[in-house]
Structures are given as C-alpha cells and as structure tokens.
Amino acid sequence: MSNEQPIPIRELSVPSLVRKVSAVIAAANRIILGKEAPIRLALVCLITGGHLLIEDIPGVGKTTLAHTLARLLGLSFQRIQFTSDLLPADIIGASIYERQSGEFRFHAGPIFSNLVLTDEVNRATPKTQSALLEAMEERQITVDGTTRPLPQPFFVIATQNPAHQVGTYPLPESQLDRFLMRIGLGYPGEQAERGLLKGRDRRELLHDVQPILSAPELMALRNAAFGLQVSDALLDYLQALVRYTRESPRYENGLSPRATLALKHASQAWALLMGRNAVIPEDLQAVVPGVVAHRLRLKSTHESSTASAIAKELLEAVPVP
Amino acid sequence: MNAMSPPELEAQQNHTRLLWVLAAMAAMALPQALHVAPWVMLAALLISLWRLAVEFQGWPLFGGPTRIAFGLLAFVGVFATYHTFNGVEAGSSLLILLAVLKLMEARGLRDYFFVLAITLVIGIANFLYDQTIPLAIYMIPAVWLAIAALLNIAHPDVTRSVMTSIRVATRLLLPALPVAVALFLLFPRMPGPLWGLSTADQTGITGLSPKMSPDSISRLARSDAIAFRVQFDGQPPTRSQLYWRAMVLHHFDGSTWTRGIEPIDNNETLTTSGEPFRYRITLEPNDLHVLYALDLPVQVPANTLLSSDYELTTPHRVRERKLYSVTSYTDYSYGAGLSPTMRRLELQLPRNVDPRARQLAQQWAGSAGSPAQVVQDALRMFHSQPFHYTLHPDALSGPDGIDIFLFDTRSGFCEHYASAFVFLMRAAGIPAHVVIGYQGGLRNPLDGYYVIRQEDAHAWAEVWLANRGWVRVDPTAAVDPARVDDGLSAALPANEVPGYVFDTHPWLADLRNTWDAVNNGWNQWVLAYGPELQQRLFSHLGLDYSNWLELALVLLVVIGGVLALVWLLMWWRERKPPASSVVRDYLRYCHKLTQAGLPRRPSEGPLNYAKRVIRKRPDLSEHVKKITTLYIDLRYGESGNPEELSRLVRDFRPQHS
C-alpha cells in the first residue's frame with residue numbers, strides 16, 4: 001500500500017529538495033502546457049499537507065493535472081469518478097462475508113491511498129461527499145466500530161465543475177473550508193494550445209512520467225517550510241487581510257482561524273519554493289487567490305466574481321504594513 | 001454557490017426587516033397599552049399577526065381599497081373614542097394604527113425606515129403619560145432594540161445573530177450618550193409641560209380641597225400618596241412644630257367650612273423670634289392655587305403671593321411637580337391689630353343651628369375672665385370628657401352636626417374637633433378660623449428628605465387674642481396628644497391605622513424608604529431640571545442665560561467636543577504602533593521614489609515594488625536591490641544591520657542620477 005522506502009537523511013537537504021520541486025514543476029508544465037502558476041500553487045498545497053480542489057469547466061485538464069502530480073510525486077494513487085449513484089461504501093470500503101473463513105473481512109476502498117483523485121466531486125450526493133470530506137478532516141476511517149488510519153501522507157485532489165452546471169450538488173461552505181486551496185486552470189493561451197494540437201497525446205505522455213519526489217521527501221519539505229521564519233511584520237499583514245474580510249460589509253462572512261493558519265502555512269511553503277529563508281508579503285499575496293477565494297462569499301450576488309478577482313480586490317484593499 | 005437571485009434575496013431581506021420592525025414596535029408600544037383604548041392595541045395586534053401570516057403562511061396582503069378603508073376606520077374609531085384627534089391618547093392611537101397599516105404595504109428599505117421612525121415617535125409618546133423611573137428603565141432596552149432594528153432594516157442579514165445586532169447597536173448608542181447628556185443639560189428649557197399638554201389626568205389627584213366638611217380629611221388619611229417632600233437647610237424643627245399651612249377657612253354654612261370672601265387686611269403686623277428655618281419643598285401636583293409652607297412663611301419664592309392669612313398662593317394651579325424654597329419662623333405672632341371688618345368675618349356663624357353648642361359657649365364666655373380662659377375651658381372639655389379620636393366617626397348628616405358631635409357621638413377626626421372648636425370660639429365671641437394643611441412628616445434616613453403623605457392631612461384652629469394676635473390651637477392634640485407628637489398611626493386604634501403594615505414589618509418600611517429616596521432623586525435631578533435649575537447651572541458656569549447666541553455657541557462647542565473625543569477614542573484604538581527605525585527608513589526610501597515619480601501602491605510588497613522600479617529606472621537597479629534585500633532581511637527575516645539600511649537610504653538619490 002505504501003511505497004515508503006527509507007531514504008538516507010543527507011539526501012533530504014533542503015536546497016536539493018527545492019531543486020527537485022522545480023524539476024517537478026518543469027515536468028508537469030510539459031504536460032499541462034502554459035499553466036505554471038496553478039501547478040506551483042497545487043504543489044504548495046500538497047507540500048503544506050492540504051487538500052486541493054480544482055474547479056473549472058470540463059476539458060481544461062483538471063484530471064490530467066491531478067494525474068501528473070500523483071505520478072511525479074511517486075504517491076500511491078487512486079482515482080474515483082464521482083457519480084450521482086456513488087455510495088459511501090464505494091469510497092471507504094466495506095466488511096464482506098467470506099465463505100472460506102466464515103467471517104466478515106474489511107475490504108479497503110480506494111480511499112486508502114496516498115493521493116486520492118476524486119473526479120467531479122460535486123456530482124455525488126451530499127451523503128457520499130460528506131463521507132469523503134470526513135475522511136479528509138479526520139485522516140482516518142471508522143467502519144463497523146473499528147477505526148482505521150489512512151496512509152501518510154494523505155491527499156485528496158478533487159475536481160469539480162462550476163456549480164451552475166447541470167447535475168451538480170454544490171459543496172457546502174463547511175466542506176469547502178476543508179480544502180486548503182481551490183484553483184482553476186482556465187483556457188490555455190494561444191501558444192500553449194498550439195503546442196497541445198501539435199504535440200503527442202497527453203495520456204501517452206503521462207505514461208512516460210517518472211516519479212521525481214517521494215512521500216518522505218514531501219514530508220521533509222513540509223517540515224522545512226513550517227520551519228521558515230514568519231516575522232511579526234508579516235503576521236501584521238496577514239491579520240490585516242483577515243480582519244478586512246471580517247469587518248468589510250462586502251463579504252457574507254470573514255475568514256476563519258483555520259483559513260488564517262492555512263494562509264500562513266501556504267505562504268511558508270511558497271517562500272520555501274522561492275528559495276527564501278523568510279516569508280515576505282509577496283509570498284502571502286501569491287497564495288491568497290488559492291486559499292481565500294472559495295472561503296469568501298461576496299454579499300452582493302449581482303456581480304459574479306471570479307476567484308482571482310476576489311483575491312485581487314482583497315489585496316488591493318489592504319495596504320502592506 | 002448558494003447564489004440567490006435578486007428578487008429572492010430582496011424577499012429574504014424584507015423578511016428580516018419585518019421581524020425586527022415588529023419586535024421594535026411591540027417593545028415601544030407596550031407601555032401605551034396602559035393608556036390608549038384597548039381596541040387600539042387589539043386591532044394593532046391583529047393586523048400585525050395578519051402581516052406575519054402573510055410572511056409565513058402566504059396570506060394575502062390588504063389591497064389598496066382595503067388599506068384605505070382600514071385607515072379611514074382608524075380615524076373614525078379614534079374620533080369616536082376620544083372625540084378629538086388632538087391630545088396624547090388620540091395621537092398615540094392613530095400613530096399605532098397607521099404604523100401597522102403601513103406594514104401592509106411596506107415593500108423595501110424606505111417603507112421599513114418610515115415605520116421604524118413612527119415607532120420611535122410612539123416610544124417618545126410614552127413619556128407624555130408618565131415620567132417615572134420604571135418607564136425610563138423599560139425604555140432603555142426598548143430603544144436599544146429599536147436601534148438594533150434600524151441596523152437590520154438598513155443591512156438585513158439572515159446570518160447575523162441577535163447578539164451581534166445588539167452589540168453593534170451598543171457601539172452606535174455609546175457615542176450618542178454624551179451628546180444626549182449635553183443636550184439634556186444645555187438645550188434651552190421651556191417653562192411648562194411639553195407642547196403645552198396637560199400631563200396628568202387631573203381627576204386622579206387626591207389631596208386637600210379648599211373646603212372642609214365632616215369627612216374630607218379623614219378620607220385623605222387613608223391614602224399614603226405623597227403630598228410633598230421637604231429638605232431643610234440645617235437643623236429641622238421638632239415634630240410638634242411641623243404644621244404645614246395650606247389654607248385658612250373663614251366661612252361656615254352649618255356643615256362645611258369654606259374660604260369665603262378673601263379677607264384683605266393690609267394692617268398685618270408680624271413679629272417673629274427664634275431661628276428661621278430654610279427649606280425646599282417638592283410639591284406633587286395638587287390642582288390648587290396654593291403651595292404648602294411651614295407655619296409661618298416669611299420669605300416666599302418669586303411668582304407667589306402671601307395672602308393676609310399667610311397662605312402661599314400662586315397664579316396657576318399646580319398641575320406638575322413644583323420645586324420652591326421658603327423661609328419660615330415657627331415662633332411668631334401675627335395679626336395683632338384686627339380690623340372691625342375682619343373681626344365681623346371671623347365671628348360669622350350660620351343662624352339658628354347648633355343651639356346646645358352656642359349655649360355652652362355663651363356660658364363659658366360669661367363665667368371666664370378672659371378669652372384665653374374660654375380657650376382653656378374648651379380644651380379641657382375635649383381632654384377630660386370621653387372624646388374619641390377615630391378615622392371612622394359616625395355620620396354627622398343634617399343640621400346641628402356640631403351639637404350631635406359635641407354632646408352625643410363624641411368621636412371624630414381632626415376636622416370634627418377643629419370645626420367644633422372654632423364654632424364654640426365664635427359663639428363665645430372670640431374671633432377664630434379653621435386652618436387646613438398637613439401635620440408631621442417622616443424623615444427618610446436615606447436622603448434626609450421629609451416625606452409628607454396625604455395621611456398627614458390635618459385641620460386645626462387659630463383664635464385671635466388681644467395683644468397676642470392669632471394663636472394656633474390644635475384641639476385634636478387636646479383629645480389625643482399622640483397625633484401631634486408621634487403621628488397618625490400612634491394616635492389611632494391599631495385596627496384603623498392606614499399604614500400599619502410598615503410598623504409591623506420594618507423591612508417593608510426600609511423598602512418604601514429606599515424606593516422613595518430613589519424616586520426623590522429622580523424628581524430632584526432629572527425631572528425637575530427646568531429653566532430655573534438650568535439657569536442656576538449656567539450662572540455657576542459663568543454664562544449669560546439670556547444671551548441665546550452664547551448658549552448656542554456653548555452647546556455647539558460641547559457637542560463638538562464630545563464628538564471630537566469619540567473620534568479621538570476611535571482613532572486611538574485604530575492607531576498603528578509606532579514605526580520602527582527600519583520601517584521609517586523604508587518609508588523614506590518610498591518617499592524618495594515617490595518624488596521621483598514612482599510611488600508605491602499600498603498593496604505592493606517590497607519585492608514587487610523593487611521590480612517595477614527597476615523596470616522603469618534600470619539605472620537605480622543596484623541601489624534598489626540592495627535596499628530591498630536588506631529591508632526584507634531586517635523586516636521579515638529579522639536579521640541584518642539597521643544602520644546599514646539608514647545609510648543606504650540616506651545615500652539614495654533617485655532624482656539626481
């Protein structure tokens with residue numbers, strides 16, 4: 001189930017790990033063309049140890065991105081296609097009666113995996129969604145009174161279609177909050193699309209991808225990121241941003257303490273990837289679109305605001321102290 | 001995600017608004033239920049319930065014609081009830097009815113604002129009936145609720161909790177509080193009640209009336225309503241000196257004493273001795289032209305007149321609580337020279353009544369050597385013969401009431417004794433009259449005020465003796481000295497004492513004292529704050545009360561000052577911590593670049609700013625990079641040498657290079 005091989009500790013020096021992350025980004029960028037920023041955000045999300053939600057219209061490469069990351073990070077990987085008739089047991093697993101032994105045995109579901117890709121998460125019924133989201137929060141599963149821990153690390157990359165599409169059950173705010181980040185991919189640029197048209201089939205390319213990082217290395221990166229210095233000056237800025245969302249009448253509700261912590265951790269991971277030894281405002285600004293957009297709801301529903309617009313407006317409103 | 005279409009959202013917002021407006025309205029209009037006709041409250045309740053059913057059960061709203069019909073009905077009903085649209089009850093009734101009807105057509109922000117504004121006026125109208133502490137205390141949370149409702153009307157939000165609304169309302173109300181206090185103290189006060197309305201229901205006043213018949217004072221003795229309060233400057237008189245003079249009654253018709261023709265006698269001579277007593281009286285409304293004062297008032301307040309009988313009169317009936325100061329001497333003599341006209345008046349008796357009493361008086365007059373001896377004879381009779389002091393005397397109806405009292409029933413209250421005594425004196429040829437007022441009063445140990453209640457109402461007599469003038473004689477004291485020395489409850493049989501529970505339960509008396517002291521403080525400091533007290537405050541502050549321009553200026557300055565203080569407080573709470581030298585240096589660097597035409601956007605981090613600057617001014621690249629790197633190290637990495645940054649910024653010359 002897990003591919004944890006012992007790695008000599010000296011190989012885990014931080015600069016070399018960061019170089020490896022750059023290699024991961026470069027490799028992913030060869031498959032998902034022209035989307036370096038979302039890829040970097042996605043990696044930051046995984047280094048921070050959070051779950052990732054990719055929201056965009058069908059066909060822009062959500063699943064491919066998730067696939068690519070799983071391959072590059074060398075994680076055990078399961079894909080679950082969410083449909084409206086999917087049941088919680090289909091994800092978690094179930095106890096099944098075995099004729100030979102005459103007893104019930106637990107058959108682990110696809111969720112027992114380092115990286116779970118749940119495709120089109122908002123097409124399943126809320127019951128199934130909540131089973132998944134509970135596992136995301138608890139990082140363990142309780143079936144028939146037995147609690148089973150999920151493998152470490154455990155990531156969920158979920159993709160979903162925008163809510164206004166037919167046949168979707170939108171995730172409630174409380175469950176959206178469990179995703180560290182929500183990112184979108186957007187249409188590719190002219191040049192990138194030309195590359196896509198001229199190049200080989202993406203699925204074939206995916207087969208050729210070799211793991212660059214491993215699960216223990218990912219954990220080491222997380223430890224390094226969380227060790228990065230966060231000065232009071234930066235915390236002032238972070239708190240000013242959060243305070244603005246809580247006090248401004250523009251938002252239905254402000255950012256939660258969970259979101260505040262997520263911002264801090266994600267900006268540390270971002271600073272690590274940028275090769276810095278302290279977090280600066282630019283790092284925080286870089287992760288804001290991914291971390292806050294799905295947690296803030298604008299009060300006036302007349303104007304539909306995209307994630308980046310919400311983030312941009314927030315950043316413009318709060319001066320860097 | 002949970003997107004709501006605009007109409008849906010608007011409906012939800014109006015939902016919130018309706019609930020808040022109804023809550024505020026209920027709180028504001030509740031005290032009105034004590035005053036307006038019951039059908040008004042019932043109709044308002046029914047229409048509100050209907051409106052709620054519209055919101056929750058999908059009942060139909062009233063259509064335009066129905067609304068107009070109901071509106072007309074409200075006017076008709078109010079007119080039928082009160083025969084006027086003028087006046088507090090009629091006005092309040094109309095406001096309440098029209099406000100709930102307005103809810104039937106309330107569509108959005110503007111309408112709900114309007115209804116809430118009416119609701120606030122309904123709340124103010126509560127004080128037109130009643131300015132007591134319980135209502136004031138009730139109105140505090142009510143106003144609070146109304147302000148919270150205002151917030152929820154302006155910014156409806158289903159997710160906002162009631163507590164949050166209350167908290168925001170508090171934040172809005174707190175800065176208003178000092179402004180309200182300043183307006184209360186400084187806004188020019190008009191004399192008289194608000195809007196010239198007569199405030200109290202005049203028929204409800206119990207108290208002395210300007211005549212005395214056999215049951216008029218004993219009826220009062222059953223009421224413990226407060227007649228007035230007194231605060232003495234310095235030593236108070238002894239209890240037996242506490243005769244509070246109200247009116248002098250000269251004319252007797254056989255059963256009732258009245259004031260008769262007002263005697264005009266300018267040859268008054270007054271001699272006083274001993275120490276004067278100075279005191280302030282807070283008089284409850286008595287609906288009379290008379291103020292009460294300690295026997296005998298000498299110095300009286302402005303706008304009052306001292307009659308030749310030493311009654312303290314005022315040109316207007318006392319229909320609001322009134323504050324005034326008087327100086328009295330308890331050791332006095334007046335009226336030594338009695339004019340023949342006055343003498344005739346003071347000897348007036350109805351013809352052919354009470355023959356037995358007349359006979360007795362004439363018998364005394366014949367045997368006694370002097371008028372003083374006659375007085376003594378009469379008092380001795382009351383004292384030695386079996387006369388009883390009681391609240392429940394036998395009915396003395398018909399003619400010859402005094403005969404029946406003196407020779408048959410021999411039990412009565414102070415008015416019987418005073419009446420019979422004066423009759424006897426006049427029959428014996430000694431000028432005499434009845435004085436009514438109050439006797440006694442209890443000192444409240446909490447605030448030192450004397451409280452005189454209606455049960456202390458009393459009647460006594462004055463007789464005119466040559467060389468001594470008018471002398472007070474209290475025949476009741478001859479029957480039962482305890483009435484004067486210890487008060488009514490000590491003098492009466494235990495089962496007749498009106499306030500006997502307070503004697504048997506001391507804690508009840510304490511409670512009554514406390515409540516009375518609180519009420520008195522409220523009266524003295526809040527309600528009594530009228531033009532006189534305001535004038536006194538202004539002269540204390542060295543301001544000219546008659547100069548309205550100066551007053552307006554003071555008011556503006558004070559309110560401006562209060563607002564400035566509030567603003568300062570808010571600024572203080574929001575202020576930034578003092579900048580460190582690193583931040584100052586960086587700001588100086590930004591300032592230099594600003595002057596060079598490259599200002600930093602507020603939301604721009606140091607690195608992005610540096611990149612932009614270098615793009616525009618490649619020549620500055622080296623310097624900017626150094627400063628930015630060092631600044632980032634110092635500020636965010638918390639390492640490095642701040643002096644180095646100071647030096648770099650000092651040498652940074654973006655304009656010259």
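No hydrogens, no waters, no symmetry mates; every other heavy atom, side chains included, goes into these values. Letters A, B, ... are given to chains in the order of the sequence lines, protein chains preceding strands, and every chain is numbered from 1.
- Interface remark: B:I632 contributes side-chain atoms only to the contact with chain A (heavy atom separation under 4.5 Å).
- Options A:S231, A:A233, A:A278 differ in how many heavy-atom pairs under 4.5 Å they form with chain B, and the most are formed by A:S231.
- Atom NZ of B:K102 is surrounded by more than 12 heavy atoms from other residues, nucleotides or ligands within 6.0 Å.
- Heavy-atom distances place both the backbone and the side chain of A:I280 under 4.5 Å from chain B.
- Closest approach of A:P281 and B:G605 over heavy atoms only: CB-CA, 4.3 Å.
- Considering CG of A:L284 and OH of B:Y636, their distance stands at 9.5 Å, rounded to 0.5 Å.
- Heavy-atom neighbours of A:R246 CZ from other residues, nucleotides or ligands within 6.0 Å: above the threshold of 12.
- In terms of heavy atoms, A:E282 sits closest to B:N608 at OE2-N, 2.6 Å.
- Of the possible donor and acceptor atoms, none in the side chain of A:E316 sits under 3.5 Å from a partner among the backbone N and O of B:S603.
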Tell me, with the steps shown, if A:L234 and B:R635 meet side-chain contact (heavy atoms from CB on, under 4.5 Å).
-> CA-CA 8 Å; A:L234 190 94; B:R635 188 94 202 277; over 6 Å; no
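- For B:F114, the CZ atom is loosely surrounded, since the number of other residues' heavy atoms within 6.0 Å does not exceed 12.
- Within a 6.0 Å radius of NE2 in B:H591, no more than 12 heavy atoms belonging to other residues, nucleotides or ligands are found.
- Between B:R601 and A:V320 there is no side-chain heavy-atom pair separated by less than 4.5 Å.
- Interatomic distance, CE of A:M274 versus CG of B:L607, reported as 8.0 Å (0.5 Å rounding).
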Steps toward side-chain contact (heavy atoms from CB on, under 4.5 Å) verdict (B:E604, A:L315) | CA-CA 9 Å; B:E604 212 167 14; A:L315 290 176; over 6 Å; no
